[in-house]
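Naming convention: chains lettered A, B, ... in sequence-line order (proteins, then strands); numbering from 1 in each chain. What you see is a predicted model, and the numbers here were worked out from it, not measured in a lab.
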Protein chains: 2
Amino acid sequence: MPGIDAVAALAGVSTATVSRALSGNGHVSPSTRMRVHEAASELGYVVSSPASSLASGRTKNVGVVVPFISRWFYSSVLEGAGSALLKNGYDLTLYGLTGGDDERRSVFEHFLLRKRVDAVLALTIELTSGELQSLLDLKKPIVGIGGPLAGVQTLSIDDVGVALLATEHLLGLGHRRIGMIGGESGFELDFHLPTNRRAGYERALRTAGVEPSPRYFLPADFTIRGGYQAATALLSDPVARPTALFAASDEMAMGSILAARDLGLSVPGDVSIIGIDGHEHSDFFGLTTFAQFPERQGAHAVEILMDQLHPGRRDPTPTNIPLPVELIVRTSTAPPPPS
Amino acid sequence: MPGIDAVAALAGVSTATVSRALSGNGHVSPSTRMRVHEAASELGYVVSSPASSLASGRTKNVGVVVPFISRWFYSSVLEGAGSALLKNGYDLTLYGLTGGDDERRSVFEHFLLRKRVDAVLALTIELTSGELQSLLDLKKPIVGIGGPLAGVQTLSIDDVGVALLATEHLLGLGHRRIGMIGGESGFELDFHLPTNRRAGYERALRTAGVEPSPRYFLPADFTIRGGYQAATALLSDPVARPTALFAASDEMAMGSILAARDLGLSVPGDVSIIGIDGHEHSDFFGLTTFAQFPERQGAHAVEILMDQLHPGRRDPTPTNIPLPVELIVRTSTAPPPPS
DNA sequence: CTGAAAGCGCTTACAG
DNA sequence: CTGAAAGCGCTTACAG
C-alpha cells in the first residue's frame, strides 16, 4: 500500500499539497489537484484512516447506539443511516445494547470514549442520566431518534398526532366503538410513545363525541403475538365488540387481523383494523396503516449530523419538525357493518 | 481527556510501561500494573484509538459487509456478531451494500482499504472476482457466512442435509405427496442454497422410494408473500394436492400456512408445513422448522476471526464443521389425512 | 521488568 | 497557491 509520499513524489508536489488536494481542505490550483488525483488513483492510494484521524482529530465515523438490531424499525433506520453515511464518506460503527448490563456499561465507559467517532446517533433508547452525561461529555454532535433525550436533539414522529389521525380515519368511516391496542407502559425503549399514542386516540374520540372506554383499551408488547392476544380479548367481548381496532404498531395490527380471522370475523366486514408503521409485511396483510418511513428517519438524522459536522457546507436540514407520516389505505378498513 | 503521559506521571512510570500495562502486551510487574490501572481509572483515561492504531497497525475493529440489513437472518447474525465483538473489545463497522453499484464499489475500493479494520466478515454476498480480490489483497482475516467464497473460509449450515432431514420428517409422518417451495435460482445472494436445498429434498424422496415430481416444486423469493403465492398454486392443484409442504425458509412457510388457511385447508389436518430458519415469528405460527440460530453463527464467525487475530490465545474454535441445526416440532406437522 | 526514543502516516498552522 | 516542519498520541524494538 503506497503512502502519501509516494503520491507526492509521483505528482511532483509536497505531501502537504497531496493532503490538501485529496481532502479538499485548503486551496490547491486546479491543475495540481488534477495531477495529484491522477497520481493517487494510479498508485491506488487510499488515506490511512488512523493517521488522518490522529493528525486531524476527525474520524469520519459515526457511532450508532441501538437497543435492538433485529427488529424491523431499528434495522430499517440502520439501513437508511448507513447508506446516507456512506454517501458522505462516513463509516457507521454499530453499538448494540442487546447484551447485559456489563456490555452496556462498556459501550458508554469505554467504546464511545476512545476517539473513534465524530458523532453519535441514538435510537430510541432510554438512557440513564450517567449514560446521557457521558455522551454529552464527548462534546460531539448527537441526535436521537424516537424519543426525547434531555439535552439532545431528537427526531420523532408526532405520536399524538398520528394516533389522532388514525383514529379519525376510523371515525370518518362511521365507526364509534373503536378499540385500541396500545403499548405497555414502562416499555423501556419507547419513552412516551405508549402514552402519547393513547392520548391521540382518546382525543380523537372525544372530539367526535365518543367517550373512550377503558374496556376498549388493552396494552401489548408491540409483537404479532401480543397483538393477537389483545385483539382476541377485545373482540371476544360478547356485550359490545368494537367494530374497529387501532393498533399502536403494525405487528400488533397484523396479529389482530389473524386473531379476528381465528374468531371467525371478517376484516374489514366485521372489524376494521389500522396500524402505525408501514412495516414491510403490512402490504401482504392488506393492512391500512400510517407509514413512518424509518429508512428516511435514519437518513434524516445523518443529514442533521452532517450539518453540525460541516457547518455551512450547504443549507442546513430543517430540524425539530415532526417527521412525515403517510396514511396508506389498504383493505383492512371499511365502514362498520350495519347494526 | 487525559493522555497517556498523565497516567504515567500519576503512576510514576514511563508511558511505555503504561502502554504495556494497559494493553497486556509485554511484561509488567503485578504491582506496577496495579498502580497503572488505578491511575488510569482515577483519571478516566481511555486510549486514543487512532493513535494506538497508527502506532501498532491494529484497529480493534472488524468490518461486516452485508447485502441487507433489515431482514431477519442478516440482522440476527449482526446482533450475534456485534455482541461477540464487543466482548472481545472490538468495534463493528457496518458496510451495507443496499445502495446502488456506486455505493458498492466505494465500499470495496475505498472504505475497506483505509486501514480501519483488522478483519472482515462477509454475509452471504455473491462477490465479483474483483471485489473478492480486493478483499484478499487486504491480507487480513476474512470469514464468510452462508455461501462458499473462493479462497475464503466460510461458515454455513449443511443445506443439502437440512433439507433432507426436513423432508424425512414429513416422510416419517407418513407423507408421500410432498411439495417444495424452493429458492429462486439466480437469487443473487444465496449462492447454491436453492440448488442444495432442492437436492436434499429430492434425495430424501428418492431414498424413500418416491419419485420427485416437478409439479410439486415451485420456487419463490423467500418472503411471506412469495410463499403464500407458491403455496396457493401448489395446494390448488385439484388433481393430487400435496399433503405436505417443505418451504426453504420460514417466511415462505408462514406464507404457506396463511395460504392453506385461505383455501379452507386446516394445518396440519389437511396439509403439514415445515420450514427452515427458526424465525422469530415461527413460534407464533406454530411452525415446525429446522432452526439455524443466526446469532450463534455471527458469534461463531467472530470466534474464528479472533483466533486468527490472536493466535495461541486459546484453543482455536473448530472450523469447517457445518453449523448446528435443530428440529423444532410445533403444530404445523402431523400425519397425513386418511385418504 | 522498565525507560528513552524513534516512528507510525498523516494534517495544518506558519511562512513565503 | 505551495512547502518545510512540527505535532497528533500512542507502541515497540532496543538497551539495560
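- Listed by first and then second residue, the salt bridge (charged side-chain N to carboxylate O under 4.0 Å, His left out) pairs that reach into residues 132-150 of chain A come to none, sequence neighbours excluded.
- Of the residues in residues 12-36 of chain B, those lying under 4.0 Å from DNA chain D by heavy-atom distance are Ala16(B), Ser19(B), Arg20(B).
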*Let me have DNA chain D in dot-bracket notation, would you? Count Watson-Crick plus G-U wobble pairs, both distances under 3.5 Å, and use [ ] for pairs crossing earlier ones and | for inter-strand partners.*
|||.||||||||.|||
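- The salt bridge (Lys or Arg N to Asp or Glu O under 4.0 Å) check on Asp101(A) picks up nothing, with sequence neighbours excluded.
- Only the P atoms considered, dC10(C) is 24 Å distant from dC14(C), to the nearest whole Å.
- Contacts of Gln297(A) classified as side chain to side chain donor-acceptor pair (under 3.5 Å), with partners at least two apart in sequence or in another chain: Gln292(A).
- Contacts of Ala51(A) classified as side-chain contact (heavy atoms from CB on, under 4.5 Å), with partners at least two apart in sequence or in another chain: Ser48(A), Leu54(B).
- Across dA13(C) and dG9(C), the matching P atoms stand 23 Å from one another, rounded to whole Å.
- Bracketed by its first and final contacts, the part of DNA chain D lying under 4.0 Å from non-hydrogen atoms of chain A reaches from dC1(D) to dG9(D) in 5' to 3' order.
- Considering only residues two or more places apart in sequence or on other chains, Arg114(A) meets the salt bridge (Lys or Arg N to Asp or Glu O under 4.0 Å) condition with Asp91(B).
- Residues meeting the side-chain contact (heavy atoms from CB on, under 4.5 Å) test with Ser52(B), sequence neighbours left out: Val47(B), Ser56(B).
- The salt bridge (Lys or Arg N to Asp or Glu O under 4.0 Å) search around Glu295(A) returns none, not counting sequence neighbours.
- The side-chain contact (heavy atoms from CB on, under 4.5 Å) check on Ser14(B) picks up Ala16(B), Thr17(B), with sequence neighbours excluded.
- Partners of Arg58(A) under the salt bridge (Lys or Arg N to Asp or Glu O under 4.0 Å) rule, at least two apart in sequence or in another chain, do not exist in this structure.
- Scanning both residues, Thr15(A) and Asp5(A), for their nearest heavy atoms gives CG2-CA, 3.9 Å.
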